[in-house]
2 protein chains.
Amino acid sequence: MTFDRIDLKILDILQRDATVPVARIADQVGLSQTPCWKRIQKHEEAGVIRARVALLDPDALGLSMTVFVLVEAVEHTPDWRAGFLAVIERLEAVRDVYRLAGTYDFLLRVVVADMPAFDRFYEKLTAGVRLRSVNSIFALECLRAETALPLSACGAGIEARS
Amino acid sequence: MTFDRIDLKILDILQRDATVPVARIADQVGLSQTPCWKRIQKHEEAGVIRARVALLDPDALGLSMTVFVLVEAVEHTPDWRAGFLAVIERLEAVRDVYRLAGTYDFLLRVVVADMPAFDRFYEKLTAGVRLRSVNSIFALECLRAETALPLSACGAGIEARS
DNA sequence: GCTGAAAATACTAATAC
DNA sequence: GTATTAGTATTTTCAGC
């Protein structure tokens with residue numbers, strides 16, 4: 001699938017503000033409404049646009065604590081991994097899960113209300129799986145959190161997988 | 001500001017899928033359209049709903065590399081921090097910035113196309129500020145990435161700042 | 001606070017160019 | 001790709017309870 005400058009501009013507008021009407025997007029990219037709408041439709045069907053969501057303020061909802069948890073596996077087997085993921089799955093505080101290269105095997109971004117809530121999470125995590133090590137890094141402040149991708153890094157025309 | 005069960009349910013629906021029409025949200029929370037719409041409006045004005053955005057597929061756009069960069073400051077002064085943030089600001093690959101408690105001072109989530117692109121980022125970062133240490137943790141795979149907050153952890157009625 | 005209905009806007013689809 | 005059209009759905013406002 002290829003994206004030209006117009007596609008990238010449309011996607012960039014939508015990933016910043018999905019409430020912009022198609023007519024204005026068309027204006028900004030120098031297209032008329034119909035082809036602009038068709039492009040958006042195409043990207044939605046292709047899954048390039050995965051979803052349209054509302055972003056909420058964590059502080060306003062009392063979820064102002066973010067902790068990054070670095071986990072080391074006790075053994076590097078498919079079984080251990082399956083068990084680990086099964087436990088993670090049920091823990092709602094876990095927002096992001098990344099498998100890592102290097103010393104640590106997994107990175108979790110955990111969002112909770114306060115320290116007692118984090119302790120409850122920690123209990124459940126360590127009760128569910130055996131871990132070689134757990135390193136919790138507490139965030140004092142979130143200075144930036146962008147859901148938008150850096151599309152300017154894509155350049156003019158890019159090509160991607162299938 | 002307080003949120004009752006209905007508020008939390010409305011917000012939960014919207015943070016998962018912002019395309020759901022107000023009429024259906026009203027149905028699901030047991031309200032008629034107008035009061036449901038008014039609640040959404042109120043949350044938007046209060047900033048509880050920060051934005052409505054489209055989420056894009058990083059792989060489809062050739063941005064499949066995520067690196068977490070842990071940074072240690074050379075000195076813990078306001079000046080150093082201001083300089084660091086000024087450099088970070090101009091680096092588009094940096095998506096999230098967290099100030100940390102503990103050994104490391106900052107965590108960056110960096111999204112780039114490939115290793116050369118990360119190298120260019122690294123060059124710019126280290127050229128712009130003096131750092132005591134930089135620890136780059138490469139993600140092999142993203143198993144989960146939720147923009148939604150774990151509202152179920154809020155319980156029935158919650159109270160938050162101002 | 002709620003209901004119900006009307007008005008304004010935006011979306012979706014089809015047409016001919 | 002453009003321009004125009006029309007039908008549908010949604011949002012938003014306005015009365016009244």
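Since we're looking at a predicted model, the values are computed, not measured. Scope of the values below: all heavy atoms of this structure, side chains included, with no hydrogens, waters or symmetry mates.
- For Y122(A), there are no ring pair (Phe, Tyr, Trp, His ring centres under 6.0 Å) partners two or more places apart in sequence or in a different chain.
- With a heavy-atom cut-off of 4.0 Å to chain B, the contacted part of DNA chain D has its first and last nucleotide at dT10(D) to dC14(D).
- Partners of V20(B) under the side chain to side chain contact (heavy atoms under 4.5 Å, CB included) rule, at least two apart in sequence or in another chain, are I13(B), D17(B), R24(B), I25(B).
- Applying the salt bridge (charged side-chain N to carboxylate O under 4.0 Å, His left out) rule to D12(B) yields the partners R16(B); only residues at least two apart in sequence or on another chain are considered.
- For the side chain to side chain donor-acceptor pair (under 3.5 Å) test, residues two or more places apart in sequence or in another chain that qualify with N135(A) are Y104(A).
- The side chain to side chain contact (heavy atoms under 4.5 Å, CB included) test applied to E44(B) returns I40(B), Q41(B), I49(B), R52(B), not counting sequence neighbours.
- For the pair R109(A) (side chain) and E146(B) (backbone), a donor-acceptor distance under 3.5 Å is present.
- Residues that satisfy the side chain to side chain donor-acceptor pair (under 3.5 Å) test with T103(B), not counting sequence neighbours, are absent from this structure.
- With contacts defined as side-chain heavy-atom distances shorter than 4.5 Å, the pair T147(A)/V53(A) does not qualify.
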Pairing string, 5' to 3', for DNA chain C - Watson-Crick or wobble contacts under 3.5 Å, brackets [ ] where pairs cross, | to another strand: |||||||||||||||||

Without placing hydrogens or testing angles, list every side-chain donor-acceptor pair under 3.5 Å for residues 76-88 of chain B, not counting sequence neighbours.
residue : atom : partner : partner atom : Å
H76(B)  : NE2  : D105(B) : OD1          : 2.9
H76(B)  : NE2  : D105(B) : OD2          : 3.3
T77(B)  : OG1  : W80(B)  : N            : 3.2
W80(B)  : NE1  : R130(B) : O            : 2.8
R81(B)  : NH2  : E141(A) : OE1          : 3.4

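- Scored by the salt bridge (charged side-chain N to carboxylate O under 4.0 Å, His left out) test, R39(B) finds D4(B), D7(B) as partners (sequence neighbours excluded).
- A heavy atom closer than 4.0 Å to some atom of DNA chain D occurs in G30(A), L31(A), S32(A), T34(A), P35(A), R39(A), these being the qualifying members of residues 30-49 of chain A.
- For Y98(B) and F68(A), the gap between ring centers is short of 6.0 Å.
- Counting only heavy atoms from C-beta outward, the side chains of Q15(A) and L151(A) approach each other to under 4.5 Å.
- Residues from residues 11-28 of chain A lying near DNA chain C, meaning a heavy-atom separation below 4.0 Å, are P21(A), V22(A) in numerical order.
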